[in-house]
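Have a look at the structure below before the remarks.
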There are 2 protein chains.
Amino acid sequence: MSPVSKGVVIALAGHESRSRAGRPRRADARRNYEQLVKQARIAFAEFGVDASLDEIARRAGVAGGTLYRHFPTRLDLIEAVLAEQIAELVDLGRGLLTVEDDFDALSTWLRAALTHALTYRGLAAAVMNSALDRGNGLVSTWHAEMFEVGAALLARARQSGVVVAYADEADVLKMVGAIAWAAQDAPDSSAQADRLLALLMNGLRYVGLPHQTGD
Amino acid sequence: MSPVSKGVVIALAGHESRSRAGRPRRADARRNYEQLVKQARIAFAEFGVDASLDEIARRAGVAGGTLYRHFPTRLDLIEAVLAEQIAELVDLGRGLLTVEDDFDALSTWLRAALTHALTYRGLAAAVMNSALDRGNGLVSTWHAEMFEVGAALLARARQSGVVVAYADEADVLKMVGAIAWAAQDAPDSSAQADRLLALLMNGLRYVGLPHQTGD
DNA sequence: ACCTGAACACCGTTCAAGT
DNA sequence: ACCTGAACACCGTTCAAGT
């Protein structure tokens with residue numbers, strides 16, 4: 001509610017409380033915006049990516065057209081819902097960059113990224129994935145920041161030799177999203193996610209040359 | 001066309017050429033069935049899981065109701081399209097069980113499974129994933145066979161000590177599906193799939209105890 | 001036994017009319 | 001500037017009527 005607590009999100013999203021022209025929003029527009037995000041959050045948590053936009057508008061107490069005015073595409077609405085979570089992930093990552101143990105820092109952050117990716121029934125994973133597909137043309141500013149901090153953590157661990165040299169930044173983040181997607185609807189969802197992450201971390205860890213069978 | 005070349009598929013699917021009662025299909029019903037699968041294959045390849053069933057029926061020259069008569073759910077239609085590919089994968093796996101190098105055999109099969117999972121715009125990966133989620137209540141007979149042959153290859157490699165002991169059968173197959181999903185829409189799709197599979201194989205390979213940092 | 005095609009409920013999207 | 005609500009095109013699904 002207060003400008004202070006909303007500061008981070010506004011800085012990242014940049015369209016919560018002011019229109020494209022930069023002027024402050026009309027009171028009803030602002031209220032509608034907030035209600036839409038709130039109801040979208042609930043709907044996405046329940047139904048995942050396929051949640052009905054019509055239903056979200058209805059629950060927010062606005063007509064369909066209003067939803068479209070605020071969020072021209074489904075992705076715009078999704079991003080508004082994810083913004084806060086991603087900002088937290090970025091903050092965590094920056095803190096971890098100062099932690100001594102490179103591998104632990106990377107491992108901790110990837111675990112947090114996995115937890116994020118698991119939210120909203122695989123929706124976050126899907127968005128992460130498509131953001132990574134676009135390379136530099138990432139979906140949003142905060143995805144770019146998320147990528148940067150993850151890349152920094154990996155690069156650091158790689159340079160100090162605890163992680164294999166061929167581990168690519170985008171690949172590793174892709175794997176995290178992939179794990180979330182795979183474990184999403186499993187009966188033992190979070191347990192499986194844990195095991196799959198362990199498999200990934202094992203693949204990342206440098207333990208010397210693998211013994212060759214042939215030559 | 002000949003009973004011989006269609007033998008495998010019929011044996012697995014069990015509803016191509018005869019009705020549930022076991023009697024041979026009427027000629028028009030059989031023709032419709034085949035046209036529907038053929039057009040579905042084309043549509044799934046182009047649009048992925050979300051291909052319009054209406055459009056498939058239209059292109060097959062039948063009314064909507066006819067599609068529903070043959071394939072009560074979307075999954076039924078998808079399975080009919082995937083049946084042949086999965087049968088080939090099972091055959092390959094059985095052959096690989098007699099190959100000497102355990103790790104190479106597993107690696108080769110997982111690569112083939114990944115190629116399969118990449119078909120139809122991620123559709124095959126999604127079906128594999130949901131099949132694995134159901135555990136013993138797998139989606140279809142041929143998914144059960146696919147799981148069995150993959151599990152056998154992994155168990156063999158694990159027992160001879162070239163693969164880490166904690167590698168779970170379902171987990172590894174899940175990862176293959178996940179990799180396919182992740183790489184699906186990437187600009188360098190197949191190259192990324194290769195790299196991610198390499199990461200997985202590195203995580204599977206047993207190379208001795210990882211060096212501990214703490215205790 | 002099998003197919004057709006109309007009917008239904010639901011969806012996302014657009015846009016003229018309002019305030 | 002912003003919202004409403006009707007209109008549109010499209011979708012999956014059901015089912016009575018046909019052959």
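Letters go in sequence order (proteins before strands), and every chain restarts at 1.
Dashed line: the shortest gap from a side-chain N or O of B:N32 to OP1 or OP2 of C:dC3 is under 4.0 Å. Taking only side-chain nitrogens and oxygens, A:T66 never comes nearer than 4.0 Å to OP1 or OP2 of D:dC2. In this model, the phosphate group of D:dC2 is not approached by any side-chain N or O of A:H70 to a distance below 4.0 Å at OP1 or OP2.
When rounded to the nearest whole Å, the span between CD1 of A:I56 and C1' of C:dG12 equals 12 Å. One interatomic measurement links the two molecules: CZ of A:R69 to P of C:dG18, which rounds to 17 Å at whole-angstrom precision. Rounded to an integer number of Å, the gap from B:L77 CG to D:dC11 P is 15 Å. For the pair B:D54 CG and C:dC8 P, the interatomic distance rounds to 17 Å; values are reported in whole Å. For the pair B:Y68 OH and C:dT4 P, the interatomic distance rounds to 15 Å; values are reported in whole Å. C:dT4 atom C1' lies 16 Å from atom CZ of B:R58, rounded to whole Å. Rounded to whole Å, atom P of D:dG12 lies 13 Å from atom CG of A:D50. In this entry the distance linking CG of A:D76 with P of C:dT13 reads 11 Å, nearest Å.
The heavy-atom pair separating B:V37 from B:A80 by the smallest distance is CG2-CB, 4.0 Å. Counting all heavy atoms, side chain and backbone alike, B:R94 lies closest to B:V149 at N-CG2, 3.5 Å.
Among the nucleotides D:dT4, C:dT4, D:dC2, the one closest to the side chain of B:V62 is C:dT4. Closest contact between the side chain of B:D28 and the listed nucleotides C:dT13, C:dC3, D:dT13 involves C:dC3.
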>> If a pair means Watson-Crick or G-U wobble with both distances below 3.5 Å, what does DNA chain C look like in dot-bracket form, with | marking bases paired to a different strand?
In response: ||.|||||...|||||.||

> Could you walk me through whether A:S130 and A:D133 pass the side chain to side chain donor-acceptor pair (under 3.5 Å) check?
Replying inline: CA-CA 5 Å; A:S130 74; A:D133 280 342; over 6 Å; no

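In this structure, B:F71 and B:Y33 have tilted ring planes: the angle between them lies in the 30° to 60° band.
Using a 4.0 Å heavy-atom cutoff across all strands shown, A:S52 reaches sugar-phosphate atoms only and no base atom.
Side-chain contact check for B:D76 and B:T73: at least one donor-acceptor pair (N or O, by modelled atom type) lies under 3.5 Å.
A cation-pi arrangement is present between B:R205 and B:F103 under the rule of less than 6.0 angstrom and at most 45 degrees off the ring axis.
One N or O on the side chain of A:R41 and one on the backbone of A:V81 form a donor-acceptor pair closer than 3.5 Å.
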